Amino acid sequence: MSKYDPARIEAKWQKKWLEGGIFRADDGSRKPKYYQLETFPYPSAAGIHMGHPKGYTAEDIHARYMRMRGREVLYTMGWDAFGLPTENYAIKIGKSPKEVAAENIDNFRRQVRLLGLSYDWDREINTSSPEYYRWTQWLFIKLYKKGLAYRAKARVNWCPQDQTVLANEQVIEGKCERCGALIEEREMEQWFLRITAYAERLLAGAKGLGWPAATVKRQEDWIGKSEGALLGFPIADFPESIEVFTTRLDTLFGATYVVLAPEHPLVGQLKPKIANWKEVAGYIEEASHKTELMRQEAAKEKTGVELKEVRAVNPATKEEIPVWIADYVLGSYGTGAIMAVPAHDERDFEFAKKFGLPVKQVVCGRYPEPVCPVLDAAYVGTGRLVGSGKFDGMDSEEAKKAIAEFVRGTMKTQYKLRDWSVSRQRYWGAPIPMIHCPKCGIVPVPEKDLPVLLPELENYRPRGMPPLAGSPEFIDVKCPECAGAARRDPETLDTFVDSSWYYLRYADPRNEEAIFDKEKARRWLPVDLYVIGAEHTVLHLLYSRFITKFLHDEGYLAFDEPFTNLRHVGLILGADGQKMSKSKGNVVNPDGLVKEFGADVVRLYLMFMGPFEDAHPWEPKGILGMERFLSRVWKWGERAVAAPSGENAPAVHKAIKKVGGDIERFKFNTAISTLMILLNDLEAGDRPVREDAESFIKMLYPFAPHLAQELWSLGGHENCLDREPWPSSDSALANAEKITLVFQVNGKVRGTAEADAAIGGDEAKALALGDPKVRAALAGKEPQKVIYVEKKLVNIVA
RNA sequence: GCUGGGGUGGCGAAAUGGCAAACGCACCGGCUUUAGGAGCCGGCGCCGAAAGGCUUGCGGGUUCAAGUCCCGCCCCCAGCACCA
């Protein structure tokens with residue numbers, strides 16, 4: 001008998017798997033395909049931490065299981081290698097980002113391989129390689145040609161630390177997602193992708209997906225659709241009117257003032273009319289200096305200034321009402337102006353109370369009411385109209401339409417979603433494949449000239465301009481149209497562009513003629529299962545869906561949703577319960593653990609920690625339990641694989657069903673506990689049966705593949721377990737002949753008895769009534785009712 | 001504030017409306033060992049000597065039966081945050 005020695009067996013099998021190309025996804029296989037994806041990692045200098053192998057192991061278990069279930073599985077790995085942290089780190093240590101990225105990737109690959117994951121390594125991709133970013137650039141040009149990439153001056157989020165623009169989604173509480181610096185707003189000319197053109201389809205498409213409901217909801221909230229109307233409030237003695245957006249046109253008669261955002265262009269035009277211009281200008285000035293964060297902090301207290309002498313006309317009542325500016329109205333949403341209805345909007349109510357503006361109720365929840373009550377809070381619900389002239393008594397919903405007609409408002413659907421800013425003023429990214437020609441304007445780089453290679457530079461540090469702008473060899477170029485002197489765009493693409501299409505490339509990663517072959521795309525896509533961190537519920541998923549829909553519209557893809565099913569992996573937190581981070585010093589690296597316990601033990605432990613979607617603090621002690629379990633498997637297995645043949649025990653049949661179902665539902669913790677219970681059972685049996693051992697080994701294989709494979713080969717098998725079918729479960733055999741019946745009196749358990757599984761209701765009831773403890777509990781009372789639940793219990797009501 | 005997800009032993013947790021706490025960690029006792037951060041056997045929610053009683057955040061309800069379903073409240077976590 002030998003000792004369980006993971007170091008020996010794991011290296012051996014990993015080598016065999018790799019050399020044998022066991023996990024290669026076969027383009028030509030006749031088996032039905034199954035495409036599994038996991039977020040490809042950003043290869044940081046720190047290497048992987050415990051969080052990575054958790055998601056990876058789950059995917060690997062699932063992939064191995066699916067192969068055993070006869071699927072041709074596409075499951076591979078790549079590197080999201082462009083990006084700021086690598087660039088910043090490279091500058092810090094005085095190397096080129098390219099070198100640093102290559103080192104990081106090598107280190108990640110080495111670490112990941114130690115885990116024994118069943119990747120098809122022939123499909124590995126790297127977003128920072130010219131073979132890849134060539135197609136990122138190609139995609140950008142495609143978007144540009146369809147009018148979906150455009151340049152515009154816009155207020156952008158500027159990170160003063162990283163010296164670059166960030167997408168709205170990359171700004172967290174007014175701070176840079178990467179470095180935490182306070183974001184400034186700047187007016188800059190930028191490249192944008194017109195994701196808003198797809199808002200409606202992105203919204204509609206999210207519905208039917210096999211995604212967690214919360215994730216779908218977040219996508220919907222981010223897109224933020226609201227249906228309402230645009231209408232004009234004329235300004236007294238002034239040619240322009242104020243256009244507002246509202247979803248509550250039914251409350252129009254209650255609009256007692258109008259509010260403009262401080263940056264609204266009309267404010268400037270109205271200057272000659274405004275009696276208190278100095279005060280107004282002061283407010284605008286103040287508001288422009290407020291960052292997003294300050295605005296949020298100040299949100300509790302409303303501020304604003306009236307534009308004295310300016311009067312707007314409520315188009316329904318024809319009354320003149322005051323006009324204010326206030327920063328609770330956002331310049332970037334709707335028309336940048338609102339009609340304020342304090343009686344029916346919380347914000348307007350608060351504002352009106354503070355500045356003594358009239359509150360006029362026009363919707364009653366209960367109707368008719370003799371006198372509408374004095375409101376002490378805004379009533380935001382619906383109801384019937386009052387104080388609204390000829391619309392009195394009308395239902396809110398109906399009134400919206402009727403009033404729209406009455407004041408000639410136009411129906412309008414508004415979204416919170418904004419276009420995607422993709423320009424980055426940094427070096428380590430895909431160069432934007434555009435040329436600025438003084439004569440021809442903006443000209444895309446011809447497809448045959450792709451990729452636009454990212455040059456090596458002397459200095460990668462941003463100095464108030466993008467690093468590439470300082471390289472004449474890169475920047476100076478002939479215009480592809482007029483051949484005159486022109487300049488390349490010096491900016492690079494946001495790394496979210498790189499990752500918005502990587503899953504497509506895995507289907508055909510070495511193609512040099514096209515982004516991918518349509519046949520291969522048809523073969524493998526869309527992704528059947530995506531395991532992704534819960535932090536990516538908005539950004540990456542939304543961008544990917546947008547790009548997929550675009551390529552669908554362009555005829556490259558037959559489907560328009562990339563990820564059919566989605567699972568979120570819960571974080572592994574530091575031992576302190578905080579998110580792992582270098583600055584907190586709580587990062588756990590799997591290398592040492594794999595070395596000490598072996599990959600199988602580490603894999604098992606990660607899966608056993610609790611529900612897959614839940615976050616768990618790292619608690620190293622529990623790993624000993626997994627080591628004990630696998631040592632016992634080894635000890636028992638060595639003996640059992642050589643045991644005489646027989647039939648699978650009922651417990652084995654039962655476990656097969658349970659474990660398979662649990663893998664499919666990502667309930668790995670209970671799958672493992674089922675295996676533990678089964679081992680306890682089998683160990684306790686009189687003598688091992690070879691078939692029991694083999695079924696057990698097959699079930700263990702997805703979880704602890706090295707150990708399972710070693711035992712399999714000890715049992716005299718030469719093939720790889722990956723090619724073995726998942727054991728079959730006979731449900732007739734899974735049901736044992738004996739069951740435990742529970743006896744209850746008035747719902748309380750009073751006794752149990754072993755019984756034949758085929759026992760009938762009357763027989764069971766008689767058994768229960770005969771039980772001494774049941775009789776004692778009844779204390780002579782007559783049973784009123786006896787309930788029998790088949791094969792489970794008898795409840796006597798007395 | 002809004003939205004979503006949760007609250008079960010010392011800890012991670014389990015439980016198609018049907019024996020709450022499976023499985024594991026930690027802990028306690030025993031056996032074995034030159035030794036143990038090894039192995040094996042047993043114990044381990046709370047009260048109680050026992051019989052038995054009580055127990056899934058709190059309060060109600062539905063049901064023969066509720067951790068699970070319904071209503072109200074408290075607390076925790078995550079996301080969004082003046083989007084008209």
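For clarity, every value in this text was computed on a predicted model and none was experimentally measured. Every chain is numbered from 1 and lettered A, B, ... according to where its sequence line falls, protein lines coming before strand lines.
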What is the distance from [atom1] of [X] to [atom2] of [N], rounded to the nearest Å?
X	N	atom1	atom2	result
A/Y605	B/G12	OH	P	11 Å
A/E790	B/U16	CD	P	19 Å
A/D614	B/G7	CG	C1'	12 Å
A/E683	B/C40	CD	C1'	11 Å
A/L630	B/A38	CG	P	16 Å
A/D662	B/A22	CG	P	18 Å
A/F668	B/G24	CZ	C1'	18 Å
A/R632	B/C23	CZ	C1'	11 Å

Measuring from the side chain of [X] (C-beta onward, heavy atoms only), which nucleotide among [options] has the closest atom?
X	options	answer
A/K773	B/A22, B/G52, B/A84	B/G52
A/V749	B/A20, B/C82, B/G39	B/A20
A/M676	B/G53, B/G24, B/A13	B/G24
A/R750	B/G53, B/C40, B/A22	B/G53
A/N680	B/C82, B/A13, B/C23	B/C23
A/T752	B/G18, B/C19, B/A22	B/C19
A/S673	B/C23, B/C80, B/C19	B/C23
A/T670	B/A84, B/C40, B/A14	B/A14

With a 4.0 Å cut-off on heavy atoms, is [X] in touch with a base, just the backbone sugar-phosphate, or nothing at all?
X	result
A/P617	nothing
A/E596	base
A/V742	base
A/N669	sugar-phosphate

Min side-chain heavy-atom separation [X]-[Y] under 4.5 Å:
X	Y	value
A/Q414	A/K412	yes
A/E227	A/M411	no
A/R632	A/L679	yes
A/M607	A/I61	yes
A/Y415	A/S226	no
A/D348	A/T256	no
A/L231	A/T246	yes

Taking the cut-offs as 6.0 angstrom to the six-membered ring centre and 45 degrees off its axis, would you call A/K765 and A/Y788 a cation-pi pair?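 Relative to the ring axis of A/Y788, which defines the angle, A/K765 lies outside at least one limit.
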State whether A/F743 and A/K773 meet the cation-pi test: NZ (Lys) or CZ (Arg) under 6.0 Å from the six-membered ring centroid, and within 45° of the perpendicular axis.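 No.
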Can you tell me, in whole Å, how much space there is between the [atom1] of [N] and that of [M]?
N	M	atom1	value
B/A66	B/A20	P	10 Å
B/G12	B/U62	C1'	34 Å
B/C41	B/G59	P	42 Å
B/C77	B/G61	C1'	29 Å
B/G9	B/G72	P	26 Å
B/C44	B/G24	C1'	14 Å
B/A84	B/G5	C1'	29 Å
B/G7	B/C69	P	11 Å

Distances for protein N/O vs nucleotides 1-4 of chain B N/O pairs under 3.5 angstrom?
{"from": "B/U3", "atom 1": "O2'", "to": "A/K217", "atom 2": "NZ", "distance (Å)": "3.2"}

Can you check nucleotides 60-64 of chain B for protein contacts, nitrogen or oxygen pairs under 3.5 Å, and list what you find?
{"from": "B/C64", "atom 1": "O2'", "to": "A/N795", "atom 2": "ND2", "distance (Å)": "3.2"}
{"from": "B/C64", "atom 1": "O2", "to": "A/N795", "atom 2": "ND2", "distance (Å)": "2.6"}

Please tell me whether A/T215 and A/H568 have a donor and an acceptor in their side chains that are separated by less than 3.5 angstrom.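 Note: A/T215 and A/H568 side chains meet the donor-acceptor criterion.
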Any chance the side chains of A/T303 and A/Y283 put a donor and an acceptor closer than 3.5 Å?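 A pair is found: one side chain offers a donor N or O, the other an acceptor, under 3.5 Å apart.
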Does a nitrogen or oxygen in the side chain of [X] sit under 4.0 Å from OP1 or OP2 of [N]?
X	N	answer
A/Y328	B/A84	no
A/H616	B/A13	yes
A/S226	B/A84	yes
A/K667	B/A15	yes

Is A/H344 reaching over with its side chain to a backbone N or O of A/Y379, donor-acceptor style, under 3.5 angstrom?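 Flag set: sc A/H344 to bb A/Y379 pair under 3.5 Å.
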Which way is the base of B/G12 turned, syn or anti, if we draw the line at 90° from 0?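 That one's anti.
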Restricting to ring pair (Phe, Tyr, Trp, His ring centres under 6.0 Å), what partner residues turn up for A/W211, sequence neighbours left out?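 Applying ring pair (Phe, Tyr, Trp, His ring centres under 6.0 Å) to A/W211 gives none.
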Indicate, with yes or no, if the rings of [X] and [Y] have centres closer together than 6.0 Å.
X	Y	result
A/F597	A/Y605	no
A/W420	A/F496	no
A/F668	A/F666	yes

Does a sphere of radius 6.0 Å around NZ in A/K225 hold more than 12 heavy atoms from other residues, nucleotides or ligands, not counting ones at 6.0 Å or beyond?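 Result for NZ/A/K225: enclosed.
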Mind checking whether A/F696 and A/W636 have parallel, tilted or perpendicular rings, split at 30° and 60°?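 The arrangement is perpendicular - the two ring planes meet at more than 60°.
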Go through the steps for A/T382 and A/E397 under the test side chain to side chain donor-acceptor pair (under 3.5 Å), then give the verdict. CA-CA 8 Å; A/T382 54; A/E397 280 311 313; over 6 Å; no
Using the rule given for ring pair (Phe, Tyr, Trp, His ring centres under 6.0 Å), can you reason through A/F351 versus A/Y257, listing the C-alpha separation, both sets of side-chain angles and the distance that settles it, and then say yes or no? CA-CA 11 Å; A/F351 192 81; A/Y257 59 98; 5.8 Å; yes
Can you pull every protein N or O that's under 3.5 Å from an N or O on nucleotides 41-48 of chain B?
none

Which nucleotides of nucleotides 25-36 of chain B have their base under 4.0 Å from a protein heavy atom (B), which only their sugar-phosphate (S), and which neither (-), written as one string 5' to 3'? SS----------
Quick one: stems for RNA chain B, with Watson-Crick or G-U pairs under 3.5 Å, at least three in a row?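 The stems that RNA chain B takes part in, listed by first number, are B:1-7 with B:74-80, B:10-12 with B:23-25, B:27-31 with B:39-43, B:45-47 with B:52-54, B:57-61 with B:69-73.
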